[in-house]
Amino acid sequence: EVQLQASGGGLVQAGGSLRLSCAASGLNVDDYAIAWFRQAPGKEREGVSAISSSDGSKYYLDSVKGRFTISADNAKNTVYLQMNNLKPEDTAVYYCAADSPPLAILSSWTRESAFDYWGQGTQVTVSS
């Protein structure tokens, strides 16, 4: 059974940092595309970042480029999202998602429908 466990959310002031973790079981992260999505109140879920650790490709939403970094630790079977210089508009519930094969999935990484496996959300709140 595939399980994705997201953690690391919290309350932080604008300009602060958080690191989200997505711990996977039932799959090897280096065989899958792993993505982070977020959903703010009253808004649609949007893709924030994605990674294929098998070839090192990484993708980012334009508004987080230069502030967020996605990475994978294959030994721990975990994907991270380092979020720096957080802004109030980053406030949302963050979800991790996975599917394979990675190259096919990543061509549509911003679409929820591209991913079959989802973790529970972790709340990120950025105060101004």
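The first residue of the sequence shown is numbered 1, and numbering continues consecutively from there.
Ring planes of F37 and F115: perpendicular class, angle over 60° (limits at 30 and 60°).
The backbone N or O of A24 lies less than 3.5 Å from a partner atom in the side chain of N77, making a donor-acceptor pair. Of the possible donor and acceptor atoms, one in the side chain of R67 sits under 3.5 Å from a partner among the backbone N and O of N85. The main-chain N or O of W36 is never found under 3.5 Å from a side-chain atom of S49 such that the two would form a donor-acceptor pair. A donor-acceptor contact shorter than 3.5 Å is absent between the side chain of N28 and the backbone of D30. Here the side chain of K58 pairs no donor or acceptor atom with the backbone of S52 at under 3.5 angstrom. Judged purely by atom type and a 3.5 angstrom limit, S108 has no side-chain atom pairing as donor or acceptor with the backbone of I105.
Between the OG atom of S100 and the CD1 atom of I34 there is a distance of 9.5 Å, given to the nearest 0.5 Å. For the atom pair OG of S63 and CG of D90, the computed distance is 7.0 Å after rounding to the nearest 0.5 Å. Interatomic distance, CD of Q82 versus CZ of R19, reported as 7.0 Å (0.5 Å rounding).
Ion pair D62/K65 flagged as a salt bridge, since at least one NZ, NE, NH1 or NH2 atom sits closer than 4.0 Å to an Asp/Glu carboxylate oxygen.
The heavy-atom pair separating Q120 from Y95 by the smallest distance is C-CD2, 3.9 Å. Counting all heavy atoms, side chain and backbone alike, A50 lies closest to L106 at CB-CD2, 3.6 Å. Minimum interatomic distance between A6 and C96 (heavy atoms only, all atoms of both residues): CB-SG, 4.1 Å. Closest approach of S17 to N84, counting heavy atoms only: OG-OD1, 2.9 Å. For the residue pair A98 and L27, the shortest heavy atom distance occurs at CB-CD2, 4.0 Å. Considering every non-hydrogen atom in both F68 and V48, the closest pair reads CD2-CG1, 3.7 Å.
Judged purely by distance below 3.5 Å, without hydrogens or angles, the side chains of Q123 and T125 pair a donor atom with an acceptor atom. Judged by distance alone, the side chains of N74 and S53 do bring a donor and an acceptor atom under 3.5 Å apart. Between the side chains of R38 and Y94, at least one donor-acceptor pair of N or O atoms lies under 3.5 Å.
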Take Y60 and T69, measure what side chain to side chain contact (heavy atoms under 4.5 Å, CB included) needs, and give me the verdict at the end.
CA-CA 8 Å; Y60 296 97; T69 303; 3.9 Å; yes

Give the intermediate values and the outcome of side chain to side chain contact (heavy atoms under 4.5 Å, CB included) for residues V126 and Q13.
CA-CA 5 Å; V126 184; Q13 288 187 333; over 6 Å; no

Begin with the C-alpha distance, continue with both residues' side-chain angles, and end with the deciding distance and a verdict on side chain to side chain contact (heavy atoms under 4.5 Å, CB included) for V124 and M83.
CA-CA 10 Å; V124 172; M83 306 187 295; 3.8 Å; yes

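Here the rule is side-chain contact (heavy atoms from CB on, under 4.5 Å) with L20, and of I70, V79, T122 only T122 fits it.
Connection of Y80 to L18 is not established within any shared hydrophobic cluster, with ILVMFWY side chains joined at heavy-atom distances below 4.5 Å, either directly or through further cluster members. A continuous path of hydrophobic side-chain contacts links V64 to V12 [ILVMFWY only; heavy atoms under 4.5 Å]. If you chain together hydrophobic residues whose side chains sit under 4.5 Å apart, L103 and Y117 never meet in one group. Linking Ile, Leu, Val, Met, Phe, Trp and Tyr residues whenever their side-chain heavy atoms come within less than 4.5 Å leaves V93 and L86 in two separate clusters.
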